[in-house]
Structure formats: structure tokens, C-alpha cells
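I have placed the structure first, in the form of C-alpha cells, so that the comments after it can refer back to it.
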Amino acid sequence: GSAAAIASALAFLVVFWLLYDGICRTIVGLEGYSLAGVHQPLHDEPKTVRRLSSAGEAAQYLNSITISWADTELGQGPTGTALRTGEIQVNQDFSTNERMKPWREFAASHGLCASIALPLRHDGEVVAVLTIYATEPYAFDPEEVELLRHLADDISVGITSLRRRAEAEALAATLQRQARMQAALVDASRALITATSEQELFGKICSIIVEKAGYKVAGVGYVVRDEA
């Protein structure tokens with residue numbers, strides 16, 4: 001029922017949070033990277049960007065800024081542009097890149113000098129962006145960018161695998177529920193034929209609902225009308 005669907009959705013979110021959290025923690029363990037975050041586009045009117053996970057000593061930076069993926073001033077940074085265009089975006093120097101002006105002061109106060117945003121995909125659609133921040137300007141040379149591109153591709157494969165597994169499990173659960181309901185309907189039809197009294201019929205129906213349909217409790221109440 002709905003409780004099972006909610007539990008499945010929560011499990012799905014936890015799995016992805018663990019994936020993104022592990023990626024971010026691994027990246028900031030590498031020399032030169034002080035912050036990594038995974039961001040998701042929201043399909044609301046202002047095109048909000050929601051942070052799914054982050055790690056690093058400079059993580060407070062992400063709490064201090066506003067990012068959008070709309071084609072506005074707050075959407076011109078690497079994260080917003082990568083979400084909007086689906087292309088890797090490199091910011092080699094916060095201090096000279098005019099597109100980084102809205103975040104320059106905050107970045108400097110946290111020792112961030114450069115950044116790169118890598119789109120993460122599922123079935124070709126950008127579902128998130130991994131943004132990595134470096135403590136030195138021009139940290140992302142062509143070789144580094146290519147290595148990180150392969151990393152993003154590998155993560156995208158993992159995302160697709162997890163989503164397809166979750167979809168398959170959800171479908172299996174739906175089919176199982178439908179099979180239980182079908183069996184319950186067959187038994188209910190049989191009860192309609194075999195029951196010798198209203199009380200017996202209701203008792204059988206309640207038992208079928210609990211035993212075959214998978215519900216915990218079932219009962220029948222009578223309406224008592226005031227004859228006066």
C-alpha cells in the first residue's frame with residue numbers, strides 16, 4: 001500500500017545520498033580539492049538548485065550562496081550552467097572570471113580559487129551536477145578535466161544502474177500487490193456464494209482482506225438508526 005511506497009521511496013533516497021556523500025568525501029581526500037558538492041535542479045519557477053550532498057572544510061561556502069540553473073546572473077556559474085546546458089563547465093579563477101562575480105567574495109573567504117562542474121546523467125538527462133572546488137587557480141588542466149569527465153561518466157552509469165534496479169523493484173512490488181488483490185477478489189466472490197449468513201459473509205471478507213490482500217486489520221461496522 002501507500003506505506004510500502006513511502007518506505008521504498010525513502011530507501012531510494014538513502015541509497016543515493018550514500019552514493020553522493022561517498023563521492024564527495026573521496027574527492028576532498030585528494031590533494032588540492034577542498035570542497036565537493038552534488039546539486040540537483042528543481043523544476044520550479046525560479047529554477048532552484050538543491051544541494052544533495054557535500055564534503056570538505058569549505059562546505060560552509062555552499063550555505064552562504066544562492067545558485068540557480070535559470071539563464072540569469074545567479075545561473076551563470078559552473079553549477080547552474082552545467083545543469084542548464086549539460087556541458088562540463090570550468091572556472092579557472094574566481095578572481096578574474098566575471099561570471100563568478102556573485103560568489104567571488106564568499107569563495108575568497110573560504111580559500112576557493114577554481115571550480116569545475118560535471119553533469120551527471122540518467123538515460124541522457126542531466127539529473128545532478130558534481131561541482132569540485134580547488135585551492136589553487138588554474139587547477140583544472142585538460143588532462144585533469146578529461147580524468148574528471150571519465151569519473152562523471154562512471155558515476156552516471158552507477159546512477160542509471162541504481163535507478164533501474166529501484167524501478168524494477170517497484171514494478172515487482174506493484175505486480176505482487178496486484179496478484180494479492182486478484183486472489184482476494186476470487187476468494188471474496190467464493191465467499192459470496194458459500195456464506196449462509198450476513199455475519200458469516202462479513203467475517204470471511206475481513207479474513208480475506210487481512211490474509212490475502214495484505215492489510216493488518218479489517219472490520220465491518222453496522223449503522224444503528226434511531227427508530228424514534
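Because the structure is predicted, anything quoted here is derived from the model rather than measured.
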**Message:** Is it true that, when you exclude E146 itself, more than 12 heavy atoms of the residues, nucleotides or ligands shown sit nearer than 6.0 Å to its CD?
**Reply:** yes
**Asked** Of the options L130, L120, V28, D154, which is the one that meets I23 in a side-chain contact (heavy atoms from CB on, under 4.5 Å)?
**Response** L130
**Item:** Atom pair CZ (R121) and CG (D153), whose distance is rounded to the nearest 0.5 Å
**Value:** 8.0 Å
**Message:** Applying the side-chain contact (heavy atoms from CB on, under 4.5 Å) criterion to V90, which one of L118, V145, L148 satisfies it?
**Reply:** V145
**Message:** Within the structure provided, determine whether Q89 and R84 are in side-chain contact (heavy-atom separation under 4.5 Å).
**Reply:** no
**Hphob cluster co-occupancy, L151 + I159, side-chain heavy atoms under 4.5 angstrom** = yes
**Prompt:** Is any side-chain heavy atom of I205 less than 4.5 Å from a side-chain heavy atom of V220?
**Reply:** no
**Item:** Shortest non-hydrogen contact from A117 toward P78
**Value:** CB-O, 3.3 Å
**Item:** Aromatic contact, H110 with W103 (centres under 6.0 Å)
**Value:** no
**Prompt:** Under 4.5 Å between any side-chain heavy atoms of C113 and T135, yes or no?
**Reply:** no
**Asked** Between Q92 and F140, is there a donor-acceptor pair closer than 3.5 Å when you use the side chain of the first and the backbone of the second?
**Response** yes
**Prompt:** How long is the span from the OG atom in S34 to the OH atom in Y61, to the nearest 0.5 Å?
**Reply:** 10.5 Å
**Message:** What verdict does the side-chain contact (heavy atoms from CB on, under 4.5 Å) test give for S54 and V38, after you've listed the backbone C-alpha separation in whole Å, the side-chain angles of each residue and the deciding distance to 0.1 Å?
**Reply:** CA-CA 6 Å; S54 62; V38 176; over 6 Å; no
**Request:** Give the cluster check for W69 versus V129: same hydrophobic cluster or not, with ILVMFWY residues linked at side-chain heavy-atom distances below 4.5 Å.
**Result:** yes
**Asked** Is there side-chain contact between L62 and H39, with heavy atoms separated by less than 4.5 Å?
**Response** yes
**Prompt:** Between T196 and E200, does any side-chain donor sit less than 3.5 Å from a side-chain acceptor?
**Reply:** yes
**Message:** With salt bridge (charged side-chain N to carboxylate O under 4.0 Å, His left out) as the criterion, how do D21 and R25 come out once you've worked through the C-alpha distance, each side chain's angles and the decisive distance to 0.1 Å?
**Reply:** CA-CA 6 Å; D21 186 64; R25 290 179 182 277; 2.9 Å; yes
**Request:** Determine, using the 4.5 Å side-chain heavy-atom cutoff (strictly less than), whether L83 and I65 are members of one ILVMFWY cluster.
**Result:** yes
**Asked** Is it the case that one hydrophobic cluster holds both I209 and L192, taking links as side-chain heavy atoms less than 4.5 Å apart, direct or via other members?
**Response** yes
**Prompt:** Going hydrophobic residue to hydrophobic residue with side-chain gaps under 4.5 angstrom, can you get from I132 over to I88?
**Reply:** yes
**Request:** Just do the side chain to side chain donor-acceptor pair (under 3.5 Å) check on K47 and T72 with the steps written out, would you?
**Result:** CA-CA 10 Å; K47 294 190 174 180; T72 61; over 6 Å; no
**Prompt:** At what distance, to the nearest 0.5 angstrom, does CD of E73 lie from OG1 of T66?
**Reply:** 11.5 Å
**Prompt:** How close do A36 and C24 get, heavy atom to heavy atom, and via which atoms?
**Reply:** O-SG, 3.6 Å
**Request:** Looking only at non-hydrogen atoms, find the nearest pair between E144 and A139 and report the distance.
**Result:** CG-O, 4.1 Å
**Request:** Would you please test Q76 and D71 for side-chain contact (heavy atoms from CB on, under 4.5 Å) and show each step?
**Result:** CA-CA 7 Å; Q76 301 306 313; D71 193 8; 2.8 Å; yes
**Prompt:** Under 3.5 Å, is there a donor-acceptor pair between the side chain of T160 and the main chain of V157?
**Reply:** no
**Prompt:** Do the ring planes of F94 and Y133 sit parallel (below 30°), tilted (30 to 60°) or perpendicular (above 60°)?
**Reply:** parallel
**Request:** Check N91, D93, L112 against M100 for a side-chain contact (heavy atoms from CB on, under 4.5 Å) and give me the one that passes.
**Result:** N91
**Message:** Let me confirm one number: the OG1-CG distance from T48 to L74, rounded to the nearest 0.5 Å.
**Reply:** 10.5 Å
**Prompt:** About how many Å separate OG1 of T96 and CZ of R104, when rounded to the nearest 0.5 Å?
**Reply:** 7.5 Å
**T131/S115 under side chain to side chain donor-acceptor pair (under 3.5 Å): CA gap, chis, key distance, verdict** = CA-CA 7 Å; T131 307; S115 60; over 6 Å; no
**Message:** Is there a side-chain contact between I208 and C206 in this structure, where contact means two heavy atoms from C-beta onward sitting under 4.5 Å apart?
**Reply:** no
**Item:** R190 side chain reached by I193 side chain, heavy atoms, under 4.5 Å
**Value:** no
**Prompt:** What distance do L35 atom CG and Q60 atom CD have between them, rounded to the nearest 0.5 Å?
**Reply:** 11.0 Å
